[in-house]
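To start, the structure under review is shown below, and the notes come after it.
Each ligand, and each atom within it, is numbered from 1 in the order the structure gives.
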Amino acid sequence: MSQTRSTARLMDGTALARTTVAEAAASAAEIKRRTGVTPCLATVLVGEDPASVTYVKMKQNRCAKAGIESRHVTLPASVSTAELVAAVTALSDDPAVHGILLQHPVGPHIDERAAFEAISPAKDVDGVTMHSFAAMGFGEPGFVSCTPGGIMRLLDAYDVELSGKHAVVVGRSAILGKPAGMLLLARNATVTYCHSRTVDLAAHVRQADVLVAAVGKPEFIYGADIKPGAVVIDAGYNAGNVGDVDFESAAERASLITPVPGGVGPMTIAVLLAQTVGAAARQLGLDGV
Ligand code: NAP
């Protein structure tokens with residue numbers, strides 16, 4: 001068996017998520033002390049898809065541990081768009097709710113965009129509304145999509161210089177690849193987006209000082225295509241607990257690399273909790289807590 005000559009330093013998302021959640025918990029406690037109000041995240045689940053049920057439970061458990069209240073709304077898979085919009089609007093109008101998470105996918109018969117847009121921008125802690133996306137694009141205050149937000153926190157925690165660097169983002173989904181590239185651009189990286197129609201993907205990957213893999217294909221990017229010294233962020237999470245990057249070969253060339261699991265994954269919920277507490281602080285007039 002060949003031995004791995006791993007030279008890359010690991011970017012420990014589990015540890016950073018722990019710190020991020022501890023900070024959110026401290027802020028939640030401070031908000032409670034100063035106002036008597038406990039920050040509250042409302043989760044909305046349509047149907048009983050086992051993976052979605054698990055995700056929502058996980059988010060509620062994490063909230064409880066961080067001193068964040070959670071309110072849960074379950075709707076049948078047969079719910080109409082109008083009924084779902086009404087349920088989300090009621091949460092948007094409820095002053096006791098500070099953040100709203102609509103677990104998706106919500107089902108093919110539902111206008112998902114209409115449901116997302118019923119989330120008040122002030123409570124859009126999952127960063128799914130057009131308002132949040134535009135605010136991010138314009139560099140205005142607002143909530144970011146949680147996984148790209150987690151990626152940026154990881155890069156900052158490991159003091160990765162972004163200005164003037166070439167960042168290559170493989171994937172352009174609205175919740176991950178596209179916002180990740182926009183956040184990198186806002187930090188003065190030169191950004192290339194790659195996607196399923198990109199010609200000669202490897203040639204682009206080879207230019208990356210910072211590579212973000214957000215494809216959803218197991219071990220799709222090989223170490224041979226990683227620029228020596230690159231920072232590799234693997235946002236993929238595929239069956240068999242593997243990412244979108246072939247970790248062993250990539251770790252031989254990268255300077256920093258996120259493991260899967262334990263890299264980007266844990267940061268997503270951590271950012272959700274941090275943004276929920278931030279939303280509560282803002283709604284209660286306690287900016288900066
Ligand atoms: P998605 O919506 O399916 O998007 C995948 C992207 O990859 C698309 O933009 C697609 O291009 C591109 N792509 C597909 N085949 C490609 C190819 N052969 N060459 C280059 N690009 C290709 O997936 P997603 O929601 O962004 O998720 C991506 C991965 O991240 C998944 O593994 C998912 O599980 C993981 N994820 C993790 C977290 C977390 O919390 N850690 C959160 C969200 C997602 P087109 O646009 O041209 O189709």
Side-chain angles (χ1 to χ4, degrees), residues 10-18 20-21 43 49-52 54-59 61-62 101-106 108 112-113 116 125-128 132-133 136 143-155 167-184 191-208 211-222 225-226 232-247 250 257-275:
L10 284 186
M11 299 172 89
D12 187 346
T14 305
L16 181 59
R18 204 178 296 127
T20 307
V21 173
T43 55
D49 170 63
S52 293
T54 304
Y55 286 140
V56 167
K57 273 203 187 117
M58 203 172 17
K59 286 162 189 169
N61 289 342
R62 292 294 193 79
L101 175 114
L102 171 59
Q103 186 64 43
H104 49 100
V106 288
E112 187 175 86
R113 181 49 39 205
F116 280 147
V125 293
D126 201 23
V128 293
S132 297
F133 195 83
M136 178 182 58
F143 298 113
V144 296
S145 185
C146 293
T147 306
I151 289 172
M152 298 310 290
R153 284 174 187 245
L154 269 168
L155 290 167
V168 175
V169 181
V170 188
R172 57 172 169 178
S173 70
I175 57 146
L176 180 44
K178 207 173 279 175
M182 289 167 67
L183 292 170
L184 290 162
V191 179
T192 299
Y193 282 103
C194 299
H195 46 78
S196 65
R197 315 288 172 87
T198 296
V199 176
D200 199 355
L201 176 69
H204 293 285
V205 170
R206 280 197 285 270
Q207 291 176 23
L211 176 72
V212 177
V215 194
K217 290 187 186 296
E219 298 175 335
F220 180 65
I221 293 169
Y222 291 104
D225 294 325
I226 305 288
V232 176
I233 304 288
D234 189 351
Y237 189 64
N238 305 293
N241 262 357
V242 293
D244 290 345
V245 174
D246 178 49
F247 181 85
I257 188 167
T258 57
V260 177
V264 173
M267 288 305 296
T268 300
I269 293 186
V271 171
L272 177 72
L273 301 191
Q275 295 200 136

For this session: State if Lys217 counts as touching ligand 1 under the rule of any non-hydrogen atom under 4.0 Å.
Result: yes
For this session: Ignoring hydrogens and angles, tell me if any N or O in the side chain of Thr54 forms a donor-acceptor pair with the backbone of Pro50 under 3.5 Å.
Result: yes
Exercise. Which of the atoms in ligand 1, numbered in the order shown and given with their element, are less than 4.0 Å from a heavy-atom of Gly171?
Worked result: 6 (C), 7 (O), 9 (O)
Exercise. Any idea which protein heavy atom is nearest atom 38 (C) of ligand 1, and the distance to it?
Worked result: Thr147 OG1, 3.9 Å
For this session: Could you tell me whether Arg197 and ligand 1 have an N or O pair separated by under 3.5 Å?
Result: no
Seminar exercise, completed: for atom 47 (O) of ligand 1, nearest protein heavy atom and its distance come out as Ser196 OG, 2.5 Å
Problem set entry | Ligand-side contact atoms (ligand 1) for residue partner Gly216, heavy atom cut-off under 4.0 Å | 28 (C), 29 (C), 31 (C), 32 (O)
Problem set entry | Closest contact, heavy atoms only, Asp234 versus Val264 | O-CG2, 3.6 Å
For this session: Look at atom 40 (O) of ligand 1 and say which protein heavy atom is nearest, naming residue and atom and giving the distance to 0.1 Å.
Result: Thr268 OG1, 2.7 Å
Exercise. Do Tyr193 and His204 have side chains that get closer than 4.5 Å, going by heavy atoms?
Worked result: no
Exercise. Do Asp244 and Pro218 touch side chain to side chain, with heavy atoms closer than 4.5 Å?
Worked result: no
Seminar exercise, completed: Of all protein heavy atoms, the one nearest atom 21 (N) of ligand 1 is His195 C, 3.1 Å
Exercise. Is a side-chain N or O of Ser145 found less than 3.5 angstrom from the main chain of Ile175, in a donor-acceptor match?
Worked result: yes
Exercise. For ligand 1, which atoms have a heavy atom of Gly265 less than 4.0 angstrom away?
Worked result: 41 (N)
Exercise. Does ligand 1 have any atom that is closer than 4.0 Å to a heavy atom of Val215?
Worked result: yes
For this session: Please work out whether any backbone atom (N, CA, C, O) or any side-chain heavy atom from C-beta onward of Asn238 is under 4.0 Å from ligand 1, and answer side chain, backbone, both or neither.
Result: side chain
Problem set entry | Protein heavy atom at shortest distance from atom 4 (O) of ligand 1 | Ser173 CB, 3.8 Å
Exercise. Of all the atoms in ligand 1, which lie at a distance below 4.0 Å from a heavy atom belonging to Leu176?
Worked result: 26 (O), 27 (O), 28 (C), 30 (O), 36 (N), 43 (C), 44 (C)
Seminar exercise, completed: The atoms of ligand 1 lying under 4.0 Å from a heavy atom of Ala214, numbered in the order shown, are 5 (C), 6 (C), 7 (O), 28 (C)
Exercise. What's the shortest distance from atom 32 (O) of ligand 1 to any protein heavy atom, and which residue and atom give it?
Worked result: Tyr237 N, 2.9 Å
For this session: Please report the C-alpha distance between Met267 and Ile151 in whole Å, then the side-chain angles of each, then the deciding distance to 0.1 Å, and finally whether the side-chain contact (heavy atoms from CB on, under 4.5 Å) criterion is met.
Result: CA-CA 8 Å; Met267 288 305 296; Ile151 289 172; over 6 Å; no
For this session: Taking the side chain as every heavy atom from C-beta outward, state whether Gln207 and Thr192 have any atom pair closer than 4.5 Å.
Result: no
Problem set entry | Tyr55, OH: over 12 other non-hydrogen atoms inside 6.0 angstrom | no
Exercise. Quick check: does Phe220 get an N/O under 3.5 Å from an N/O on ligand 1?
Worked result: no
Exercise. Between Ala235 and ligand 1, which part of the residue brings a heavy atom under 4.0 Å of the ligand: side chain, backbone, both or neither?
Worked result: backbone
For this session: Report the nearest protein non-hydrogen atom to atom 46 (O) of ligand 1: residue, atom name, distance rounded to 0.1 Å.
Result: Arg172 NE, 2.7 Å
Exercise. Side chain of Thr198, backbone of Leu201: donor and acceptor closer than 3.5 Å?
Worked result: no
Problem set entry | Qualifying residue, where the test is side chain to side chain contact (heavy atoms under 4.5 Å, CB included) with Leu184 and the options are Val191, Ile233, Val168 | Val191
Exercise. Shortest non-hydrogen contact from Leu183 to Pro148?
Worked result: CD1-CB, 3.8 Å
Exercise. Is the shortest side-chain N to carboxylate O distance from Asp225 to Arg206 below 4.0 Å?
Worked result: yes
Problem set entry | Those atoms of ligand 1 less than 4.0 Å from some heavy atom in Gly236 | 29 (C), 30 (O), 32 (O), 35 (C)
